[in-house]
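These notes are about the structure you will find just below.
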Amino acid sequence: MFTGIVEELGTVAGIEDQGDAVRLTITAETVLSDAELGASIAVNGCCLTVATLGEKAWTADVMLETLKRTSLHAIEVGDQVNLERAVTPSTRLGGHIVQGHVDGVGRIVSREPSEHWELVTVSIEPELARYVVEKGSIAVDGISLTVVSVTEDAFTVSLIPETLARTSLGFRAVGDEVNLETDIIAKHVEKLLGGVRS
């Protein structure tokens, strides 16, 4: 489990094609300070397992299913990625409950800068939009954000300077793909109600 509070931007240092998977090498510092083999680190919101560990780099194996369902299929050497370690029992839950299990991929539709913040609109598939509510939470590339508004195929978030400076949303352009994870609680409530949709 994660909180959606990005700890650092890492850099993709290598991509090894393994046919039905890829092995990513990512350079980082903060998330490696207490990392062990088998630990979970979220990469742009995707929970990945540490396969090898060096002083300032680590690798993760990304299976075909993950490549199909996330924006990691388009990642390139040199790209910066959002990184977050899994929570511990004593971690402050500064964002919201994020599993690192990406529900789908959206695209940046527009960016509207203001003097102190930026309004970003992201497309979303209608089957996922039903879990998104105004003033609710959503993870975009693993970043816990508050929804400003939502329609059947898009939602908007307002980004403060801290988010723009410390995460990949500071440089994502219109048309870029982003990983989306909706609220797990909403999905559980829907199932408990027998899949009822309004």
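Here the structure is a predicted model, which means the values were calculated and not measured.
- Residue pairs meeting the salt bridge (charged side-chain N to carboxylate O under 4.0 Å, His left out) criterion with at least one member in residues 154-170, sequence neighbours excluded, are Glu162-Arg166.
- Contacts of Glu8 classified as salt bridge (charged side-chain N to carboxylate O under 4.0 Å, His left out), with partners at least two apart in sequence or in another chain: none.
- Sorted by first and then second residue, the pairs that involve residues 134-154 and meet salt bridge (charged side-chain N to carboxylate O under 4.0 Å, His left out), not counting sequence neighbours, are Asp141-Arg172.
- Here the shortest heavy-atom pairing between Glu118 and Leu164 reads OE1-CD2, 3.9 Å.
- Ile75 pairs in a side-chain contact (heavy atoms from CB on, under 4.5 Å) with only one of the listed residues (Ile26, Leu67, Val22, Leu24), which is Leu24.
- Looking at Ser168 and Asn82, their side chains do bring a donor and an acceptor atom within 3.5 Å of each other.
- Within 6.0 Å of the CD1 atom in Ile97, the count of heavy atoms belonging to other residues, nucleotides or ligands does not exceed 12.
- With sequence neighbours excluded, no residue forms a salt bridge (charged side-chain N to carboxylate O under 4.0 Å, His left out) with Glu36.
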Cut-off 3.5 Å, no hydrogens considered: what does the side-chain donor-acceptor table look like for residues 48-55, sequence neighbours left out?
| residue | atom | partner | partner atom | Å |
| --- | --- | --- | --- | --- |
| Thr52 | OG1 | Thr59 | OG1 | 2.5 |

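- Counting all heavy atoms, side chain and backbone alike, Thr146 lies closest to Val157 at O-CG1, 3.6 Å.
- Taking all atoms of both residues into account, the shortest heavy-atom contact from Val31 to Glu7 is CG1-OE2, 3.9 Å.
- Under the salt bridge (charged side-chain N to carboxylate O under 4.0 Å, His left out) criterion, Asp34 pairs with Arg85, sequence neighbours left out.
- Contact record, His96 with Ala139: CE1-N, 3.9 Å, taken as the closest heavy-atom pair.
- With respect to Tyr131, the side-chain hydrogen bond (donor to acceptor under 3.5 Å, both in side chains) criterion is satisfied by exactly one of Glu181, Lys187, Glu190: Glu190.
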